[in-house]
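Counting starts at 1 for both ligands and their atoms, following the listed order. None of the values given here were measured: they were computed from a predicted structure.
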Amino acid sequence: MKFTTIAAALAATATFAIAPAALAQGTIKVGVIAAFSGPFADYGKQMEGGIKAWMAQHGDTVAGKKIQIIYKDTTGPAPEVAKRLAQELVVRDKVDFLAGFGLTPEALAVAPIAQQAKKPMIIMNAATSVITTKSDYIARFSMTLPQISAPMADWAVKNKVMNVATVVADYGPGIDAEKAFSDRLVKSGGKIVEAIRVPLRNPEFAPFIQRIKDAKPDAVFVFVPAGEQSIAFMKGYRERGLAAAGIKVIATGDLTDDHVLPAMGDATQGVITTFHYSAAHKSPENDAFLKSFASANPQGGRPNFMAVAAYDGMNAIYQVSNKLKGKIDGDAAMGVLKGMKIQSPRGPITIDPATRDVVQTVYVRKVEMVNGQPYNVEFDQFTNQKDPGK
Ligand code: PHB
């Protein structure tokens with residue numbers, strides 16, 4: 001090779017090597033992994049909506065750097081796809097944060113990558129208790145199922161609902177919900193008369209609902225992942241005449257998810273749930289969030305709890321980026337996240353420094369019509385709830 005050719009080759013390599021680094025100096029990259037297609041497509045869309053709502057209010061530049069969001073569709077539940085996407089985001093895109101995660105199996109699949117690459121992993125939904133124990137770099141801004149389900153049992157006992165059948169999706173969050181609810185109910189003198197687990201994929205609710213009817217409980221406690229399954233469950237509940245038989249529904253708020261509630265029909269009227277967010281929550285922060293969500297997402301419908309967790313997760317990413325003056329180091333970022341307090345649209349939240357899990361108020365709500373539309377209207381609350389699952 002002639003000298004000039006070598007020099008040119010070296011120059012080319014040098015430019016090639018420097019270019020991405022130089023570019024990265026001006027950018028903070030956030031890789032968002034969630035389902036944007038398939039049966040859980042709404043999860044990704046709600047998170048994207050919440051992220052847009054945050055950025056519409058707070059701009060796209062922090063500490064002099066542009067915030068770049070890279071969305072990746074798992075089509076899930078697909079843990080192996082989530083894992084591959086996380087690897088690509090870390091190795092090829094050189095992201096500073098991993099975020100998103102609607103479904104527990106996808107969060108669990110990515111945790112080892114966050115651990116190895118020392119990338120802060122911001123959970124915007126996935127709610128099985130154990131997730132935050134799987135990497136030191138995880139912080140959760142959503143909820144845990146035990147955190148939501150144990151207060152539901154307290155409410156049941158207080159209201160003399162003592163004989164309960166449970167129906168849960170047969171995977172991490174469902175098993176967590178069943179255990180937390182049942183343990184608390186039984187400890188207070190209640191009884192579980194039937195415990196049913198339904199498959200995560202394409203559940204057929206009719207035969208299970210008949211079993212509940214035959215068991216004649218005071219109420220049925222339900223956890224199904226938010227979305228189409230809630231609609232299917234409530235349809236079966238109505239068609240099999242459980243309401244007419246005097247069997248109440250009590251559930252985690254996933255069942256009456258704000259986004260699908262308007263499509264669920266009359267059977268939801270009066271359903272009691274516990275949850276961390278309702279679109280009907282009254283606070284200046286929620287008013288501002290709802291307004292920003294609507295203008296940033298004209299076709300978005302009503303935002304739900306995943307949109308709020310994404311909005312708060314972005315708030316956290318902006319705070320970390322500011323504190324670290326735009327130089328994101330995994331350990332330093334976790335230092336900022338531990339103990340972080342946010343005045344969220346749902347109410348005040350804290351990231352527990354010991355577990356990196358969210359501490360928050362759990363509200364008791366009832367579905368009622370407000371201005372001609374069904375809403376989860378909050379009427380009682382349990383403040384400062386940690387995850388009792390750990
Ligand atoms: C989860 O997979 O962790 C999950 C999914 C949907 C929910 C709640 C939890 O509504």
Side-chain angles (χ1 to χ4, degrees), residues 33-36 38-47 50 74-79 81-83 99-111 121-134 138-149 152 167-181 197-203 221-234 251-261 264 271 273-279 302-310 313 346 357-358 360 362 365 376 387 389-390:
I33 300 175
F36 288 87
F40 297 99
D42 262 356
Y43 292 18
K45 288 177 194 155
Q46 282 285 325
M47 289 176 190
T74 65
T75 72
V81 178
K83 187 172 179 186
F101 309 104
L103 292 153
T104 286
E106 296 182 352
L108 290 176
V110 172
M121 177 168 164
I122 306 295
I123 305 270
M124 295 173 166
N125 184 57
T128 303
S129 178
V130 80
I131 290 172
T132 43
T133 69
K134 298 296 180 186
I138 294 179
R140 177 154 42 196
F141 286 81
S142 49
M143 58 151 172
T144 79
L145 262 309
Q147 179 183 52
I148 303 292
S149 306
M152 190 72 257
V167 180
V168 300
D170 191 7
Y171 78 122
I175 292 159
D176 268 8
E178 180 195 87
K179 182 172 183 341
F181 178 85
R197 295 179 181 179
V198 298
L200 172 61
R201 284 166 216 260
N202 309 315
F221 168 78
V222 187
F223 165 79
V224 288
E228 286 167 10
Q229 294 194 19
S230 326
I231 301 176
F233 178 85
M234 288 312 296
T252 65
D254 308 82
L255 185 73
T256 56
D257 158 22
D258 282 300
H259 187 65
V260 295
L261 188 58
M264 287 174 78
V271 168
T273 55
T274 43
F275 221 32
H276 54 307
Y277 177 69
S278 165
R302 207 190 276 180
N304 72 6
F305 59 108
M306 299 191 197
V308 169
R346 69 189 104 164
D357 234 329
V358 61
Q360 59 192 338
V362 174
R365 312 99 50 83
N376 293 292
D387 173 33
K390 288 191 201 72

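Across all non-hydrogen atoms, the minimal contact from A226 to M306 is CB-CE, 4.4 Å. Minimum heavy-atom separation, F221 to A177: CE2-O, 3.9 Å. Here the shortest heavy-atom pairing between R140 and T144 reads NH2-CG2, 3.5 Å.
Pocket lining of ligand 1, defined as residues with a non-hydrogen atom under 4.0 Å away: Y43, G102, L103, T104, N125, A126, A127, M143, Y171, P173, F223, P225, A226, D254, F305.
In summary, the side chains of S142 and N125 do not present any donor paired with an acceptor at a separation below 3.5 Å, with no hydrogens or angles considered. Remark: the D176 side chain and the S129 side chain contain no N/O donor-acceptor pair separated by less than 3.5 Å.
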Residues V224, L255; criterion side-chain contact (heavy atoms from CB on, under 4.5 Å); working and verdict: CA-CA 6 Å; V224 288; L255 185 73; 3.9 Å; yes
